[in-house]
Amino acid sequence: RVKELPKGFVWGAATAAFQVEGATSIEGKGKTMWDDYLIEQGRFLPDPACDFYHRYEEDVKLAKESGLDALRISIAWSRIFPDGTGEPNPLGVDYYHRVFAACHENSIEPYVTLHHFDSPKAIFDKGDWLNRENIEAFVYYAEYCFKEFSEVENWFTINELFALAMGQYITGIFPPCHHFDVTSAIQAQHNELLAHAKAVNRFKELGIPGKIGLIHSLHPVYPLTDSEEDKHAAKLTDAFRNRFLLDGSFLGYYSEDTMEAINEILSLNDAELEILPGDLDILARAAIQNDYFGLNYYQNDFVKSYEGESGNTFNGTGEKGTSSALRFKGMGQIVKKPGIPTTDWDWNIFPQGMYDILKDVSDSYPNCPTIYVTENGLGYKDVLKTDGTVCDDERIDFIDQHVAAILQARADGVDVEGYFVWSLQDQFSWANGYNKRYGLVYIDFDTQKRYLKKSAFWFKKLSDTRS
Ligand code: BGP
């Protein structure tokens with residue numbers, strides 16, 4: 001399949017602070033929205049995860065050995081501002097300077113996300129993204145980072161606004177665990193778009209050298225059948241899951257088509273969205289100032305029309321077949337399609353979706369700048385053999401097929417310039433814990449020993465084809 005990569009193509013891996021660092025309560029770090037919740041839930045803890053806080057030098061070297069020249073890292077807001085705002089914590093600031101230095105010593109470019117699902121507890125307790133005061137706190141934090149970490153050239157404001165809002169307010173698998181609270185889900189996304197836009201506008205006003213963008217996880221949506229009902233359900237789902245955020249990010253307003261679908265969903269759920277005067281001006285200013293767009297793609301959605309009440313069952317254990325269709329009143333239901341392979345966590349494996357969504361974004365949003373695929377990967381129950389090897393052929397095959405789709409989109413005119421596999425190393429998964437492994441590097445969580453998987457060697461081989 002993929003024999004070589006284009007010259008200059010960015011070849012990286014992604015991580016997120018809370019999923020790798022551990023060290024959740026030392027050296028002045030404040031709590032996040034997750035700390036108490038995970039203890040109460042009692043399934044798995046985020047400490048020490050893969051102890052990146054203490055082992056970042058080793059991991060960055062392993063990234064180099066795997067042929068990476070870019071690494072997505074997120075800053076934990078509550079490591080810089082333990083209470084979300086106020087005075088910075090010098091130990092947290094120093095830690096990230098050291099991480100970025102380690103990257104640069106290994107010729108790895110850090111791509112830095114400011115918010116990756118980990119609002120400080122103080123911010124979360126005040127309503128998280130639903131409270132507009134927190135938007136200002138985010139911009140304050142962002143501005144501090146832009147100025148302090150001048151060694152960083154590539155920034156992302158917020159990771160996966162949709163996945164966060166869905167987890168928090170629709171499926172209830174992220175704190176505060178509300179179910180089908182449609183008003184909060186849509187409002188949180190609008191407010192996050194504002195936070196992103198304000199941070200981008202500030203970045204440009206201050207003339208910060210470097211580049212900035214945001215990250216959306218997109219699922220291309222396909223009607224299960226050709227029936228008018230399924231097509232309509234797919235249109236609604238696409239508006240709710242993709243268009244609302246893409247419009248807000250790259251048009252600077254929500255198009256009539258999108259709002260027609262969103263309003264249909266809102267009215268059937270007795271939900272509402274508040275857009276204040278001035279909001280759209282803020283979005284419009286940012287919409288033309290993004291330097292790049294980070295697109296995360298894991299899977300697509302097949303959609304069937306649905307008339308009943310909302311509900312779903314989540315597979316957070318990796319026992320194949322234990323999730324149910326997501327049934328969403330007034331929108332549709334997301335179902336499996338016979339013949340389409342799935343992972344142990346019931347995620348579709350559908351590389352065609354990567355091509356389709358890249359093409360769609362590039363064709364529909366002329367303001368969308370250069371795209372990086374900032375996450376894609378396979379959650380798998382990898383096995384470490386006694387000889388220290390991990391033979392993850394399934395992962396290699398998955399990445400290979402998806403990178404092939406990206407290169408095809410590129411050949412067909414899409415400006416896509418890089419790929420970040422999720423993830424560099426096995427790490428903590430928000431709603432699945434530790435048996436869902438994604439890394440190029442295997443972590444023995446008992447000993448914290450690292451082992452390069454077969455996929456890391458494959459990644460390195462492809463990396464070398466660029467020179
Ligand atoms: C994305 C997140 C990541 C990561 C990944 C895999 O939505 O940005 O943080 O966790 O998905 O998801 P999961 O861990 O649920 O399998």
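Atoms within each ligand, like the ligands themselves, are counted from 1 in listed order.
- If you number the atoms of ligand 1 from 1 as listed, the ones under 4.0 Å from a heavy atom of Asn159 come out as 8 (O).
- Note: an N/O pair closer than 3.5 Å links Asn432 and ligand 1 by distance alone.
- Take Glu394 and apply the side-chain hydrogen bond (donor to acceptor under 3.5 Å, both in side chains) test, not counting sequence neighbours, and it matches Tyr380.
- At the top of the distance list for atom 7 (O) of ligand 1, counting protein heavy atoms only, stands Glu160 OE1, 2.4 Å.
- Heavy-atom contacts of Ser429 reach the following atoms of ligand 1: 13 (P), 14 (O), 15 (O), 16 (O) (cutoff under 4.0 Å).
- Around atom NZ of Lys320, more than 12 heavy atoms belonging to other residues, nucleotides or ligands sit under 6.0 Å away.
- Every residue two or more places apart in sequence or in another chain that forms a side-chain hydrogen bond (donor to acceptor under 3.5 Å, both in side chains) with His178 is listed here: Asp181.
- The shell of residues lying under 4.0 angstrom from ligand 1, judged by heavy atoms, excludes Gln427.
- Counting heavy atoms of neighbouring residues, nucleotides and ligands inside a 6.0 Å radius, atom NZ of Lys211 does not exceed 12 of them.
- The protein non-hydrogen atom at the shortest distance from atom 5 (C) of ligand 1 is Tyr298 OH, 3.3 Å.
- Among Trp347, Phe117, Trp345, the residue whose heavy atom lies nearest to atom 12 (O) of ligand 1 is Trp347.
- At a cut-off of 3.5 Å, with distance as the only test, no side-chain donor of Tyr419 or His402 sits close to an acceptor on the other residue.
- The contact set between ligand 1 and His116, taken as ligand atoms under 4.0 Å from a residue heavy atom, comprises 2 (C), 3 (C), 8 (O), 9 (O).
- Residues Arg437 and Asp392 are not paired through a salt bridge, judged by the lack of any N-O separation under 4.0 Å between the basic side chain and the carboxylate.
- Looking only at atom types and distance, the side chain of His219 has no donor-acceptor partner in the side chain of Asn348 under 3.5 Å away.
- Taking atom 6 (C) of ligand 1 as the reference point, the nearest protein heavy-atom neighbour is Tyr438 OH, 3.5 Å.
- Numbered from 1 in the order shown, with element, the atoms of ligand 1 that lie under 4.0 Å from a heavy atom of Gln19 read 3 (C), 4 (C), 9 (O), 10 (O).
- The protein heavy-atom contact nearest to atom 1 (C) of ligand 1 is Glu375 OE1, 3.1 Å.
- Side chains of Asp51 and Gln448: a donor-acceptor N/O pair is absent below 3.5 angstrom, by distance only.
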